[in-house]
Amino acid sequence: MVISVIRVVALCVALASLRAESSIEQPYRTAYHFQPPQNWMNDPNGPMLYKGVYHLFYQHNPYGPLWGNITWAHSVSYDLVNWLHLPHALFPTDPFDIKGCFSGSTTILSDGKPAILYTGVYSNDSQVQNLALPKNLSDPFLTEWVKSPLNPLMIPNNGIDPKNFRDPSTAWQGPDGMWRVILGGNLNGQGTAILYQSKDFFTWTRSTNPLHSSVKTNMFECPDFYPVSINGNYGVDTSSQDKFTKHVLKASFDGNDYYILGSYTPQNDNFSAENDFLDSGFDFRYDYGKFYASKTFFDSSKKRRISWGWIAEMDGDANAVKKGWSGLQSIPRSILLHKTGKQLIQWPIKEIETLRARNVSIQEKQLKGGSVLEVLGVTASQADVEVSFDLTNLKEAEFIVPDGVNPRALCSQQTASFRGMIGPFGLLVLASQGLTEQTAIFFRIFKSHEKYIVLMCSDQSRSTFRDGPDKTTYGTFIDIDPRQEKITLRTLIDHSVVESFGGNGRACITARVYPALAIDNQAHLYAFNNGTVDLTISRLDAWNMKKARLVSANI
Ligand code: DQQ
């Protein structure tokens with residue numbers, strides 16, 4: 001009797017949440033991005049592949065749509081597209097995490113078993129690092145996790161600010177068999193990747209020198225450290241290091257995920273960086289829009305490294321409360337070192353293409369200066385678009401001295417409606433009939449003394465006629481020589497998120513937008529050229545995207 005009452009209640013709750021998810025009431029709910037059934041979500045935590053199952057943990061408030069009560073929620077998938085939400089893995093129930101189970105990572109240990117390292121917060125806000133292990137390794141989904149009786153394993157000592165000591169990375173093993181892990185911290189006012197070592201994963205000792213510290217940054221959050229293969233079209237395990245790899249150090253600060261490249265010597269744990277974070281003129285970010293606290297993992301089944309990032313809301317707390325949820329995860333991206341060896345490239349994982357449905361294709365179409373071309377026959381609120389532009393008349397490019405020019409400022413001063421020479425050209429997405437609302441992802445080509453300069457922008461200034469949502473415009477320069485290659489753009493459009501990959505993944509810009517008119521089948525898609533110089537769309541493909549299946553386990 002009790003059981004059947006519980007089942008009926010559960011069914012009613014499920015139906016109610018289905019109703020709340022119908023897109024009439026929920027125009028901003030996404031169709032193929034990862035979201036929990038409800039409430040607040042922030043950082044991705046501990047993504048991993050274990051025995052053929054992908055796991056994603058994430059920071060979640062089980063009780064409301066704003067940050068708080070931070071627990072580790074847990075979902076599993078066979079394809080990184082469709083997900084099953086499991087019961088939460090870690091709750092803040094012990095003195096060493098009573099104020100929150102903050103971010104952390106998983107590591108596959110030498111015996112093949114997975115382990116979670118996460119930050120726990122004491123009632124006095126002091127942060128420590130804790131271990132949790134699966135309760136039952138024969139459970140294919142690793143549903144239950146047990147906190148170690150030895151917790152906390154790392155405590156803030158010797159000058160570490162106890163309130164800024166968090167987010168353990170995936171650990172890697174040196175040739176000496178010792179495990180290494182880095183944590184984000186602030187040492188003597190510098191953003192720092194604090195290094196710890198352990199033989200057995202239980203007893204951790206802080207290394208005298210941090211892996212890296214940076215004079216110009218704030219505290220590092222969610223640091224990540226991993227090798228990338230030079231000239232290889234595949235990812236490598238976190239513990240591999242040889243002359244065919246470089247290392248990436250990623251740190252999250254000031255609302256963005258920045259990375260630097262360098263070489264790592266495990267014998268003395270020396271990371272020799274090619275540049276430092278925020279060096280003048282040097283600004284490599286995973287994404288120049290809304291994307292934070294990302295985390296990578298090595299997918300051993302497909303030999304690739306995959307990154308996830310948190311895409312926050314830009315529409316205020318009151319609206320989060322109204323819709324009952326907050327936050328998305330990015331489409332998982334595979335990460336490689338670009339063939340120049342100077343930067344990373346990111347691309348949506350191949351599996352996302354299984355959601356592609358009806359295709360519309362345009363080839364060799366001239367786009368005259370000052371013109372707009374509607375792409376008809378696609379559900380423009382839920383689409384995947386790939387386009388490449390051929391520029392024939394580069395001589396006309398405007399002159400620029402790029403030193404000291406802030407690309408983001410340039411994009412916001414001269415938005416999509418600016419009449420330039422070569423560009424603005426690109427896509428208008430989530431656009432209303434008549435273009436009152438539009439989000440523009442566009443390029444402009446300039447020339448400087450010795451080369452061409454390509455600017456990529458995501459202009460949200462007209463993304464909604466509603467007041468309230470943040471309409472910041474984003475931008476970056478991309479290292480492309482337009483004499484040698486076409487300008488390409490891939491944009492994933494999903495109701496309230498627009499993820500754009502320029503120059504085959506050399507620059508990514510993610511935007512959250514909240515159209516009031518361009519909703520569902522009222523959304524339109526256009527290619528545009530607002531420059532004076534004509535250009536050609538050499539190819540444009542747009543696909544309707546099916547909805548991913550995200551369901552809650554009945555446990
Ligand atoms: N979010 C977590 C912290 C981390 C921050 C708390 C980054 O562990 O530093 O929810 O978004």
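Just so you know, ligand 1 is whichever comes first in the structure, and atom 1 is the first atom listed for that ligand.
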Would a distance-only check, ignoring hydrogens and angles, find a side-chain to backbone donor-acceptor pair under 3.5 Å from [X] to [Y]?
| X | Y | answer |
| --- | --- | --- |
| R285 | T476 | no |
| Y259 | L344 | yes |
| R29 | Q26 | no |

Geometric N/O contact Y292 with ligand 1, under 3.5 angstrom
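So ligand 1 has no N or O lying under 3.5 Å from an N or O of Y292.
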With a 3.5 Å cut-off and no angle check, do the side chains of K147 and T93 form a donor-acceptor pair?
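Looking only at side-chain atoms, T93 and K147 do form a donor-acceptor pair, the distance falling under 3.5 Å.
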Check the side chains of Y28 and D315 for a donor-acceptor pair under 3.5 angstrom, ignoring hydrogens and angles.
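There is no such pair (donor and acceptor under 3.5 Å, judged by atom type) between the side chains of D315 and Y28.
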Within ligand 1, which atoms have a heavy atom of [X] less than 4.0 Å away?
| X | result |
| --- | --- |
| S103 | 2 (C), 8 (O) |
| D43 | 1 (N), 2 (C), 3 (C), 4 (C), 5 (C), 7 (C), 11 (O) |
| Q59 | 2 (C), 6 (C), 10 (O) |

Top protein contact for atom 8 (O) of ligand 1, by heavy-atom distance:
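Checking every protein heavy atom, the shortest distance to atom 8 (O) of ligand 1 gives D167 OD1, 2.5 Å.
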Using a heavy-atom cut-off of under 4.0 Å, does the side chain or the backbone of N42 touch ligand 1, or both, or neither?
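N42 to ligand 1: side-chain contact only, backbone stays beyond 4.0 Å.
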